[in-house]
Structures are given as C-alpha cells and as structure tokens.
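The figures that follow rest on heavy atoms only: side chains count, while hydrogens, waters and symmetry mates do not. A note on names: the letters A, B, ... follow the listed sequences, proteins ahead of strands, and every chain is numbered from 1.
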Protein chains: 2
Amino acid sequence: MTLEIPEVVINRLPVYARALAALAMDGETVVSSQTLGERLDVTPAQIRKDLSYFGRFGKQGRGYNVLGLLAKLREILGLDRKWRVALVGVGRLGQAIAEYGGFEPQGFQIVAVFDSDPAAIGTTVKDVVVRDSADLDTFLRQNPVDIGVVAVPGHAAQQVVDRLVSAGIRAILNYAPMTPHVPAEVAVRNIDPVLAMQSMTFYIKRQDPMGAK
Amino acid sequence: MTLEIPEVVINRLPVYARALAALAMDGETVVSSQTLGERLDVTPAQIRKDLSYFGRFGKQGRGYNVLGLLAKLREILGLDRKWRVALVGVGRLGQAIAEYGGFEPQGFQIVAVFDSDPAAIGTTVKDVVVRDSADLDTFLRQNPVDIGVVAVPGHAAQQVVDRLVSAGIRAILNYAPMTPHVPAEVAVRNIDPVLAMQSMTFYIKRQDPMGAK
DNA sequence: TCCCTGTTGTTACGGATTTCACAACCGTAG
DNA sequence: CTACGGTTGTGAAATCCGTAACAACAGGGA
Ligand SMILES: NC(=O)c1ccc[n+]([C@@H]2O[C@H](COP(=O)([O-])OP(=O)(O)OC[C@H]3O[C@@H](n4cnc5c(N)ncnc54)[C@H](O)[C@@H]3O)[C@@H](O)[C@H]2O)c1
Ligand SMILES: NC(=O)c1ccc[n+]([C@@H]2O[C@H](COP(=O)([O-])OP(=O)(O)OC[C@H]3O[C@@H](n4cnc5c(N)ncnc54)[C@H](O)[C@@H]3O)[C@@H](O)[C@H]2O)c1
C-alpha cells in the first residue's frame, strides 16, 4: 500500500533538509519551492513533486514553513532519533572520521571502533576504545548497531562487509575503493573521491589547464 | 556532432576502469560483460550499452581484453595524463586529503595548497607549502591547475568556489556541506558522508537496531 | 568444412524520472 | 465581498535510462 518511492527522491531529501536547516539559521520562516530550488540548483517542480510523495506540506500563495518542513523531512528520513554507528578500520581515514565533528550533531554516534592491527587495538579514539575486529560479530550481537562504516584497505573490505552483514547490519557506508557485495535489503553508500575526479576529467579533458596560453 | 553521452554513463566508467585494473592485478586477461557485471552489481547489458557509446571494444565469443579495455576507458575519461590539483583548506580533512596516497597513482597531483589561517600559511603538507588563500587568483593565473578541491567550512565554501571559478578552474571536488553554485561549464562533485547516511536511514528506520530483542 | 558454444553490439521496448502546465487555493488589499 | 499576485499539488507529456532480445560473429572441435 505504501507507494514505492524512487531512490533518487530519497537521496534528495537530505539535501533539502540541509538547506532548510541553513535557512532556519538565517532566520527565514517560510520558503517557496522556487527559492529553495535556486539555492540547490533543482527545479521547483522537482521539489514539489518529491515532497508530494509524502504529503502536502506547503501553503498555496506562501510556500513552506521552514521549520515545519524540516521536521517533516527529518521524520520521513528517520532522523528524529539517534543512530548507532560502528567504524571498522582506524587508519588515517578512520581516525579522521572518528574525530570529524559533523556526525554527532546529526544524530550519528560512533559507539564502537574496530581494527585488526594489534598496535591499534586497545588505543582510544574520541573516547572510544579500539576493539579487535575479530570480535566484531560477538560485539555486534550484544550491542545493537545501525550503521557500519568501512575504512579498511580495499583488499580487506569485502570480508569486513560480509561480517557486518552476517551480524545483521542493514546500512553500510563504504570508503574502500571497491564495490561491496551485499544482500538487497542492506543499504550501501560508497564514498570515493578518486572516482569523483575521474568522472569530472571527461568533461574537462579537451581543455588546456585553466585556459593557459 | 558527438552524440550526447548521459552523465550516468560517464559516472560508471571509472567504476569499470577500477574493476578492470583489479582484474589485471589478478592476472586476468579477458573478461565478459557477464563476469564484470557480477563483480560490480551491474547488468551485462548495461555495461555493453555504456561501452557502445564509444566504440566496439569486445570480441564476440570471448569478451573484452582487460588491459585493452582499461586503456580505452582511461583514454575516454582523459586519465591518460597527469592532472594538477589545488587544495583549499588545510584543516583536519584537508591534511588527510593531502596525505592520502590514493590520488597520486591515478594521476592526480596536488600541486598547490591554500588556507586563510595565518598559523597554517607557510607550513608544509606533503612537501607542498601552504599558501595564503588571498593569493589564490594570482597563483592560479600563473600556474595552470585543472581541479580544485574545497575543504573549508561550509560558510566559506561558496566564496572559495567563486574564486576558483573566476580563476578559470573547470572542475571542483567539494567536501563542504553545501551545494556550490557554479556556471554550467564547471563540473562539480560533492562528497558528504552525512548526506549518505541520512538517505540510508530511510530504508532502515522501521527496523529495530540489528534485530535486537 | 560445418556446427556448437559463448559473447558482443544494437535496436526496440518499457519503465522510471523529470518537466510542464494549470486548476485550486491562500492571504491581502481595495 | 471581490480581485489579484503568488504558490502549491498533481495529472499528463516528454525525456531519459535500463533491460531484453537477438542477429552476427569468433573460436574450437568433430
Ligand atoms: N585516507 C583517505 O583520505 C581516504 C580517502 C578515501 C578513501 N580511502 C580508503 O579508505 C581506506 C582506508 O584508508 P587509510 O588511509 O585509512 O588506510 P590505512 O592503511 O591508514 O588504514 C587502514 C586500517 O584498516 C585496518 N585493517 C586492515 N584490515 C582490517 C580488517 N580486516 N579488519 C579491521 N581492520 C583492518 C588496518 O590495521 C589500518 O589501521 C582505504 O581503502 C582507502 O583507499 C581513504
Ligand atoms: N573532517 C572530515 O572528516 C570531513 C568529512 C566530510 C566533510 N567535511 C567538511 O570539510 C570541511 C573541512 O572540515 P575540517 O574538519 O577540515 O574543518 P577545519 O576547521 O579543521 O578546517 C577548515 C580549514 O579551512 C580553512 N579556511 C577557512 N576559511 C577559509 C577560506 N576562506 N579560505 C581558505 N581556507 C579557509 C581554515 O583555516 C581551516 O584550516 C568542512 O566543511 C566539513 O564540514 C569534513
């Protein structure tokens, strides 16, 4: 009965939410799809259509109540609660992730950290002790975690993913440069700056660097 | 004249290239769209269709020559040369990016680094001296750079983007949590782990954490 | 040589997504 | 009370994209 919502739509909602939060900080109380769209480089129709999958949140002639719509989006996305995150791999990137201050305010709490390196195990990052990744399954079965973050080298990533999945995790944020294989019911997002650059080069490859003469 | 290639296709090519490089490392010399697709969770038809935008690279009955196709993809994407990258913002994230060893082997060379903090200016990261971001325009006009990486706080990001664009940069990798506004001819990719998590939560929100009882 | 297996390149189809366009509506001002 | 400018929500149209299907063909074996 719940109409199937396209994934592209779901992926845009957090962007809307982020913009609404920024508008709220600026003291704006209402916003039209037009104005929001300009800010996000999205057509007003796109925004209205996306929102219409979930209900009618606007007021004709006025627009949307900024805080009201933000609250609705947070509810839709499930951001109106805390999420427990486990981080696997505490190398350079893993440490940076653990120390990044941007997750906590959004309700993502790193509650456990794992590594396989004996030199790393037992140390602490951000008040969290680094556990042996051999204990991953055991720990996760006793301590519910919602999201797994994979920050290990590519050659170890699938193994880590498999372990997270078999322990019952339903969402994985993968930083390793590979395509994780997971069952359909597990959500995966990949972050790879190299891939991002490699697609941009296609569009600029005919051009001399910065139009140098 | 050149048939318009969908951006989704371009975005997949680096993924194919990455997989081919991995196959080559494993000593594989040929691969079918079927096999490649299984590895990447992409249908074989998708792969063949994507490649057909650019030519005929396979051999019926056999598949694709791994190294041959990889070379073709690298040529198509413009990866058969070095790219000069400028990094703006040398905070925690910026330093991690500068020290990350994954860019260089792919031909992305960080040739300049900028920050606005007097305490950071003059220090070096990875053998590159940190320059005053006030000198961004001057420097870029004299030293051709292809790609700008933005790793400054959100409130400063649009200003940095504007400066990069006005200096003639055609590609930007943005790590700040905002949507940069750029002219149509500038390529932009955004990296935001928080947004990635916030879209995954939609799919797992009805579920108790890890099926805890 | 001929046949069989395996796999490509491509066209046609259908589904998904975006855009269009407008009736309905809100709040305000006259 | 009516008219008006502004904006939503939404079907219908247009566009974009992915999938299916198959003719064509390469290589190998009988
Ligand atoms: N550093 C970056 O900026 C960056 C950016 C994008 C992607 N990445 C990717 O993220 C991953 C990590 O990068 P890094 O620079 O932190 O590497 P790193 O070598 O510094 O850290 C990897 C960590 O993973 C641990 N590890 C290895 N195998 C493990 C296993 N089976 N279980 C648990 N832990 C294990 C290692 O002990 C190490 O601590 C790599 O795949 C890299 O390509 C890094
Ligand atoms: N650290 C992470 O893991 C991470 C992950 C994802 C996104 N981000 C985002 O990346 C950005 C940087 O994060 P961070 O943790 O490194 O922050 P940070 O505060 O440690 O570093 C920001 C740096 O930018 C510099 N800066 C500020 N304004 C500038 C300007 N106008 N020109 C040049 N330099 C300027 C500051 O001096 C500082 O060195 C933020 O927008 C953050 O939200 C960070």
Side-chain angles (χ1 to χ4, degrees), chain A residues 2-16 19-20 23 28-73 76 179 184 199 202-203, chain B residues 2-16 19-20 23 28-73 76 179 184 199 202-203:
Chain A
T2 314
L3 171 62
E4 196 59 40
I5 318 267
E7 179 162 338
V8 273
V9 172
I10 300 301
N11 289 337
R12 279 191 294 265
L13 298 187
V15 180
Y16 300 161
L20 288 167
L23 286 169
E28 302 289 335
T29 59
V30 295
V31 66
S32 66
S33 60
Q34 171 76 43
T35 305
L36 189 58
E38 281 165 13
R39 183 152 183 153
L40 297 177
D41 261 322
V42 170
T43 64
Q46 176 89 270
I47 294 173
R48 294 202 300 277
K49 182 80 165 227
D50 286 350
L51 297 178
S52 76
Y53 281 100
F54 304 96
R56 306 150 71 104
F57 309 120
K59 196 173 277 188
Q60 280 141 339
R62 309 279 302 141
Y64 301 86
N65 177 292
V66 171
L67 289 177
L69 182 54
L70 177 55
K72 272 294 177 192
L73 288 178
I76 291 165
T179 303
S199 64
F202 175 82
Y203 296 101
Chain B
T2 316
L3 171 61
E4 195 59 42
I5 317 265
E7 179 162 339
V8 272
V9 172
I10 300 302
N11 289 338
R12 278 190 294 265
L13 298 188
V15 181
Y16 300 161
L20 288 168
L23 286 169
E28 301 289 335
T29 60
V30 295
V31 66
S32 66
S33 58
Q34 171 75 41
T35 306
L36 189 57
E38 280 165 14
R39 183 154 182 150
L40 296 175
D41 260 323
V42 170
T43 64
Q46 175 90 269
I47 293 174
R48 295 201 301 275
K49 183 106 199 279
D50 286 349
L51 297 178
S52 75
Y53 281 101
F54 303 97
R56 307 150 71 107
F57 309 120
K59 195 173 276 189
Q60 280 143 337
R62 309 278 304 141
Y64 301 87
N65 177 292
V66 171
L67 288 176
L69 182 55
L70 177 55
K72 273 295 177 193
L73 287 178
I76 291 165
T179 303
S199 63
F202 175 81
Y203 296 101

Enquirer: With rounding to the nearest 0.5 angstrom, report the OG1 to CZ distance, A:Thr43 to A:Arg48.
Expert: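 Nearest 0.5 Å value for the OG1-CZ distance: 8.5 Å.
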Enquirer: Within the structure, does a side-chain N or O atom of B:Thr43 lie under 4.0 Å from either OP1 or OP2 of D:dT19?
Expert: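 For D:dT19, OP1 or OP2 has a side-chain N or O of B:Thr43 closer than 4.0 Å.
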Enquirer: Expressed in angstrom and rounded to an integer, what is the separation of A:Leu36 atom CG from D:dT8 atom C1'?
Expert: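 Spelled out: CG on A:Leu36 to C1' on D:dT8 is 14 Å.
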Enquirer: Which heavy atom of A:Arg39 sits nearest a heavy atom of A:Leu23, and at what distance?
Expert: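 That closest heavy-atom pairing would be NH1-CD2, 3.1 Å.
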Enquirer: Under 4.0 Å between a side-chain N or O of A:Arg48 and OP1 or OP2 of D:dT8?
Expert: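 Affirmative; the distance criterion is met.
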Enquirer: Using a heavy-atom cut-off of 4.0 Å across all strands, would you classify B:Arg56 as base, sugar-phosphate, or nothing?
Expert: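 Sugar-phosphate: the residue B:Arg56, judged by heavy atoms under 4.0 Å, touches backbone atoms but no base.
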Enquirer: Give the nucleotide from the list C:dT7, C:dT10, D:dG18 with an atom nearest to the side chain of B:Ser32.
Expert: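 Per side-chain heavy atoms of B:Ser32, the pick is C:dT7.
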Enquirer: Counting only side-chain nitrogens and oxygens, does B:Tyr64 get under 4.0 Å of the OP1 or OP2 atom of C:dG9?
Expert: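 Yes, such a contact exists.
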Enquirer: What heavy-atom pair brings A:Leu40 and A:Ala19 nearest, and what distance separates the two atoms?
Expert: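 Looks like CD2-CB, 3.7 Å.
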Enquirer: Please state how far atom CD in B:Glu4 lies from atom P in D:dT15, giving the value in whole angstrom units.
Expert: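 The distance from CD of B:Glu4 to P of D:dT15 comes to 15 Å, rounded to the nearest Å.
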Enquirer: Would you say a side-chain N or O of A:Lys49 is under 4.0 Å from OP1 or OP2 of D:dG9?
Expert: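 Result: no.
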Enquirer: Take the protein atom CG of A:Leu51 and the nucleotide atom C1' of C:dT18, then report the distance between them rounded to whole Å.
Expert: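 Computing the A:Leu51:CG to C:dT18:C1' distance gives 15 Å.
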Enquirer: Without decimals, in angstroms, what is the distance between A:Ile47 CD1 and C:dT19 C1'?
Expert: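 Distance check: A:Ile47 CD1 to C:dT19 C1' gives 14 Å.
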Enquirer: Between A:Ser33 and D:dT8, is there a contact of a side-chain N or O with OP1 or OP2 at under 4.0 Å?
Expert: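 For A:Ser33, the contact criterion (side-chain N or O under 4.0 Å from OP1 or OP2 of D:dT8) is met.
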Enquirer: In whole angstrom, give the distance that lies between atom OH of B:Tyr16 and atom P of C:dT8.
Expert: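 The answer, rounded to whole Å, is 13 Å.
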Enquirer: Output the single nucleotide from C:dT7, C:dT17, C:dC20 whose closest atom is nearest the side chain of A:Ala45.
Expert: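 Between C:dT7, C:dT17, C:dC20, the one nearest the side chain of A:Ala45 would be C:dC20.
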Enquirer: From C:dA21, D:dG27, C:dT18, pick the nucleotide closest to the side chain of B:Arg62?
Expert: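 Looking only at heavy atoms from C-beta outward on B:Arg62, the closest nucleotide is D:dG27.
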Enquirer: State, with a plain yes or no, whether a side-chain heavy atom of B:Pro14 is found less than 4.5 Å away from one of A:Phe202.
Expert: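 When only atoms from C-beta onward are counted, A:Phe202 and B:Pro14 do not touch, as no gap falls below 4.5 Å.
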Enquirer: Is the shortest side-chain N/O distance from B:Gln46 to OP1 or OP2 of D:dC17 below 4.0 Å?
Expert: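 False: B:Gln46 side-chain N/O out of range (4.0 Å or more) of D:dC17 OP1/OP2.
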Enquirer: Return the value, rounded to whole Å, for the distance between atom CD of B:Glu7 and atom P of D:dC16.
Expert: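 In whole Å, D:dC16 P lies 13 Å from B:Glu7 CD.
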Enquirer: From CD of B:Gln34 over to C1' of D:dA20, roughly how many Å is that when rounded to an integer?
Expert: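 In whole Å, D:dA20 C1' and B:Gln34 CD are 14 Å from each other.
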Enquirer: Using whole Å, report how far CZ of A:Phe54 lies from P of D:dT10.
Expert: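 A:Phe54 atom CZ is separated from D:dT10 atom P by 13 Å.
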Enquirer: Can a donor-acceptor pair under 3.5 Å be found between the side-chain atoms of B:Gln60 and the base atoms of C:dT7?
Expert: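 Side chain to base: no pair present.
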Enquirer: Heavy-atom nearest nucleotide on DNA chain C for A:Gly61 versus A:Val8: which residue maps closer to 5'?
Expert: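 Checking each residue's closest nucleotide, the 5'-ward one belongs to A:Val8.
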Enquirer: Mind listing the closest non-hydrogen atom pair of B:Phe57 and B:Leu51 along with its distance?
Expert: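 Smallest interatomic distance, heavy atoms only, reads CE1-O, 3.6 Å.
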